Amino acid sequence: PWLGTIAITAFLAFCSWLNIYCKGVIILKPKRLLAVLLTLILTCSFVASASAASCGEYVDWTWKNGTSSLSVQLFPSAYDFYDNIYAVYQSWNDISSEVSIDGFTYYADGTNQNKDIQIVGAALTGTTLANTGIYSKNTLGVYTPQGFWSYTGKVSKAVITIDTSGRFGGQTDTWERKTIIHELGHALALDHPSCTNRAIMHKTSSSYVSSSMQSHDRDCLIEKWGE
């Protein structure tokens, strides 16, 4: 909104400078009309560029082995939500050529296959529906939890924990799937937007949250990982 205000102010200031406003009627000679139109076009281009550039709602860490062939493992503790998880686990594919979640595995005995993105279930506190944690791995193969927002290194694993106390399961299928896509977005280093664009990556409590992926979500993924 403030960018629009700047654009309008700049345009009116330019009109005033040309002394073309008279008794509520804009009087323009051809050369001045061309100048005004060019100014308006350039101003609108600036606003559009600034809006696009502000989409960078992502964190600094990256995946150690890249994002072109990530895999998901569902654990028995989250099996109740198998159908909705399986339905959307590839939702972030076909947006960036650098991002693809290809594999999905489930073992009833809970055998850990050390897949990139692991989905588990647990009773979470407060109003949390799900959360995502990230882990680095050292040369000995030991995983260490890292701060989602503060870490700037290489990530080897992301763990999505879904609430099993009743909050997550109390949603409709649409919003269960929305929550899963949202957490997968976090696993791809996307953050909660601070803008007013509609987006699935907004917090559930935000009035701008969407139950489906929006262009802002796609733009941020591309800005983070490339086209």
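Because the structure is a prediction, the values reported are computed rather than measured. Side chains included, hydrogens not; waters and symmetry mates left out as well; all remaining heavy atoms used. Index from 1, following the sequence.
Grouping the Ile, Leu, Val, Met, Phe, Trp and Tyr side chains by contacts below 4.5 angstrom, directly or via other members, places W225 with Y89. The hydrophobic clustering, which links ILVMFWY residues whose side-chain heavy atoms are closer than 4.5 Å, places Y135 and I119 apart. Under the 4.5 Å side-chain heavy-atom criterion for Ile, Leu, Val, Met, Phe, Trp and Tyr, F75 and V72 are members of distinct hydrophobic clusters. A continuous path of ILVMFWY side-chain contacts below 4.5 Å connects F148 to I200, so both sit in one hydrophobic cluster. Transitive grouping of hydrophobic side chains (ILVMFWY, heavy atoms separated by less than 4.5 Å) brings Y79 and I85 into a common cluster.
Expressed to the nearest 0.5 Å, how far CE of M213 lies from OG of S91 amounts to 5.0 Å. Expressed to the nearest 0.5 Å, how far OG of S69 lies from CG of D116 amounts to 7.5 Å. To the nearest 0.5 Å, the span separating OG on S96 from CD1 on I222 amounts to 6.5 Å. For the atom pair OH (Y107) and CG (L74), the distance works out to 12.5 Å, reported to the nearest 0.5 Å. Atoms CZ and CG, on R218 and L190 in that order, are 12.5 Å from each other to the nearest 0.5 Å.
Proximity of F168 to T128: side-chain heavy atoms (C-beta onward) are nowhere separated by under 4.5 Å. Between T152 and W61, the closest side-chain pair of non-hydrogen atoms is not below 4.5 Å. Side-chain contact between Q73 and N114 is absent, with no heavy atoms from C-beta onward closer than 4.5 Å. T204 has its side chain out of reach of T127: every pair of non-hydrogen atoms, C-beta onward, lies at least 4.5 Å apart. Side-chain contact between L188 and L70: present, with at least one pair of heavy atoms (C-beta onward) separated by less than 4.5 Å. Looking at L124 and R167, their side chains come closer than 4.5 Å, going by heavy atoms from C-beta outward. Between H216 and E57 there is a side-chain heavy-atom pair separated by less than 4.5 Å. With contacts defined as side-chain heavy-atom distances shorter than 4.5 Å, the pair M201/H186 qualifies.
Between the side chain of Q214 and the backbone N or O of S212, at least one donor-acceptor pair lies under 3.5 Å. Checking side-chain atoms of E183 against main-chain N and O of I180 turns up no donor-acceptor pair under 3.5 Å. Although no hydrogens or angles enter the test, the distance criterion places a donor-acceptor pair under 3.5 Å between the side chain of N93 and the main chain of I101. Under a 3.5 Å cut-off, the side chain of S97 and the backbone N or O of E227 do form a donor-acceptor pair.
When every heavy atom of A130 is checked against every heavy atom of T179, the shortest pair comes out as CB-CG2, 3.9 Å. Across every non-hydrogen atom of I134 and G147, the tightest pair is CD1-O, 3.8 Å. Taking every heavy atom of both residues into account, K115 and K157 meet most closely at O-CG, 4.2 Å. Of all the heavy atoms in R177 and N84, the pair that sits closest is NE-OD1, 2.7 Å. Shortest non-hydrogen contact noted between A158 and A187 is CB-CB, 4.0 Å. For the residue pair T161 and G121, the shortest heavy atom distance occurs at CG2-C, 4.4 Å.
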(message) What verdict does the side chain to side chain contact (heavy atoms under 4.5 Å, CB included) test give for T164 and D80, after you've listed the backbone C-alpha separation in whole Å, the side-chain angles of each residue and the deciding distance to 0.1 Å?
(response) CA-CA 9 Å; T164 55; D80 287 349; over 6 Å; no

(request) Check step by step if side chain to side chain donor-acceptor pair (under 3.5 Å) holds for E176 and T174. (result) CA-CA 6 Å; E176 277 193 11; T174 296; over 6 Å; no

(message) Set out, in order, the CA-CA distance, both residues' side-chain angles and the distance that settles side chain to side chain contact (heavy atoms under 4.5 Å, CB included) for L221 and Y58, then state yes or no.
(response) CA-CA 8 Å; L221 186 78; Y58 50 81; over 6 Å; no

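Relative ring orientation between H192 and W149 is described as tilted, the plane-to-plane angle lying within the 30° to 60° band.
Just one residue in the list R198, H182, K178 forms a side chain to side chain contact (heavy atoms under 4.5 Å, CB included) with S210, and that residue is R198.
Residue-environment remark: OH (Y86) stays at or below the threshold of 12 foreign heavy atoms within 6.0 Å.
The aromatic ring centroids of F104 and Y82 lie less than 6.0 Å from each other.
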